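Single-structure report; data block below.
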Amino acid sequence: MRYIRLYLYFLRFSFSKALEFRVDFYFRVIMDCFFYAVQFLFFNIIYLHTPLLAGWTMEEMRIFIATYIFIDALHMTVFANNCWWLPIYINRGDLDYYLTKPVSSLFFLSLREFAANSFINLLIASGLLGYILMDYPAELSPIKLCIYFFMVLLGTFLYYLVHLIFLLAVFWTQSPRGFGDVYFSISHTMERPDKLFKGIFRILFVYVLPFSLMASYPARYLLEKNSTHLLWTVIIVTITFFLIVLGIWRRGLRNYSSASS
């Protein structure tokens, strides 16, 4: 309950701060709406030349597109601002302030900034996803829908965990952003169905840098039969990366040079 109350304080502070910067608030909404339109237009153009892509029809592909748009919007709203500031806190020695708090420092640093100016975009992405699911021509099982949404949340959490792994390199490199730029370059693979990748690239983008798993596996679970193994794969990979992040964080703190040292 203490962590829930603390997060509610984070939300209240974030919304009051966002309303002080109205231009940034509206610009983010417009920018992300343009991004959403480009994603659907890109695949619509491809389907003008082929009836199937990665074994999916256009209706099935729209579910996949809406899935990764939702994951991106949720990440931008809940985690992205915190990930942006983390390397700065480490390099400046400002991490000391968070390490002295009587709560988990990783929790505090990961959730302190709620991007209220991205919250409208999350509502838009949620509306898009809901509309596309309701407009799907075949019946979708309610049980599979519930598990699908659970997998989407796991995919978002996994997206954040992989982002952290790239950023936490700053403990050792003292670079301004860790390997954040590399992360953003590779993360675009989430916007492509996992079945497009073959051989070593499939292993790389499903298990090592699991961007292809984050949105593709929830969509495949919802659309395919006999897909329970996809659920367990997402669960196992997410737990594995969570443990990896905890290990890197603890080793990084031992290597951290505080402002007072």
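Residues take their numbers from the sequence shown, with the count starting at 1. Everything quoted here is computed from the prediction, not taken from an experiment.
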- Message: Is there a side-chain contact between Leu167 and Trp84 in this structure, where contact means two heavy atoms from C-beta onward sitting under 4.5 Å apart?
- Response: no
- Note on the structure: Of Phe241, Phe166, Phe79, the one forming a ring pair (Phe, Tyr, Trp, His ring centres under 6.0 Å) with Tyr160 is Phe79
- In Å and rounded to the nearest 0.5 Å, what is the CZ to CG distance from Phe70 to Leu129? 6.5 Å
- Query: Judged by atom type as modelled, is there a donor-acceptor pair below 3.5 Å linking the side chain of Asn121 to the main-chain atoms of Asp32?
  - Reply: no
- Taking all atoms of both residues into account, what is the closest heavy-atom pair of Phe40 and Ala66, and its distance? CZ-N, 4.4 Å
- Query: Tell me, do Tyr207 and Thr233 make a side-chain contact under 4.5 Å, heavy atoms counted?
  - Reply: yes
- Could you check if a side-chain atom of Leu53 sits within less than 4.5 angstrom of a side-chain atom of Leu196, using non-hydrogen atoms only? yes
- Query: Do you know the tightest heavy-atom contact between Thr189 and Ser212?
  - Reply: O-OG, 3.9 Å
- Considering only heavy atoms from C-beta outward, does the side chain of Ile88 approach that of Val170 to under 4.5 Å? no
- Message: Minimum heavy-atom separation for Ala54 and Pro193, please, with both atom names.
- Response: CB-CB, 3.8 Å
- Message: Which heavy atom of Phe211 sits nearest to which heavy atom of Ile186, and what is that distance?
- Response: CE1-CG2, 3.6 Å
- Message: Can you confirm if the aromatic rings of Phe197 and Phe205 lie within a centre distance of less than 6.0 Å?
- Response: yes
- Query: Would you call Arg220 and Asp194 a salt bridge, using N to O less than 4.0 angstrom?
  - Reply: yes
- Task: Verify whether one side chain among Thr67 and Tyr148 offers a donor that lies under 3.5 Å from an acceptor in the other.
- Result: yes
- Could you check if a side-chain atom of Met214 sits within less than 4.5 angstrom of a side-chain atom of Tyr68, using non-hydrogen atoms only? no
- Task: Could you tell me whether Lys195 and Glu224 have a side-chain N and a carboxylate O separated by less than 4.0 Å?
- Result: yes
- Query: Under the ring-ring contact (aromatic ring centres under 6.0 Å, His included) criterion, do Phe184 and His163 qualify, and how do the steps go?
  - Reply: CA-CA 8 Å; Phe184 283 114; His163 195 177; 5.3 Å; yes
- Task: May I ask you to decide if the ring planes of Tyr183 and His75 are parallel, tilted or perpendicular, using 30° and 60° as cut-offs?
- Result: tilted
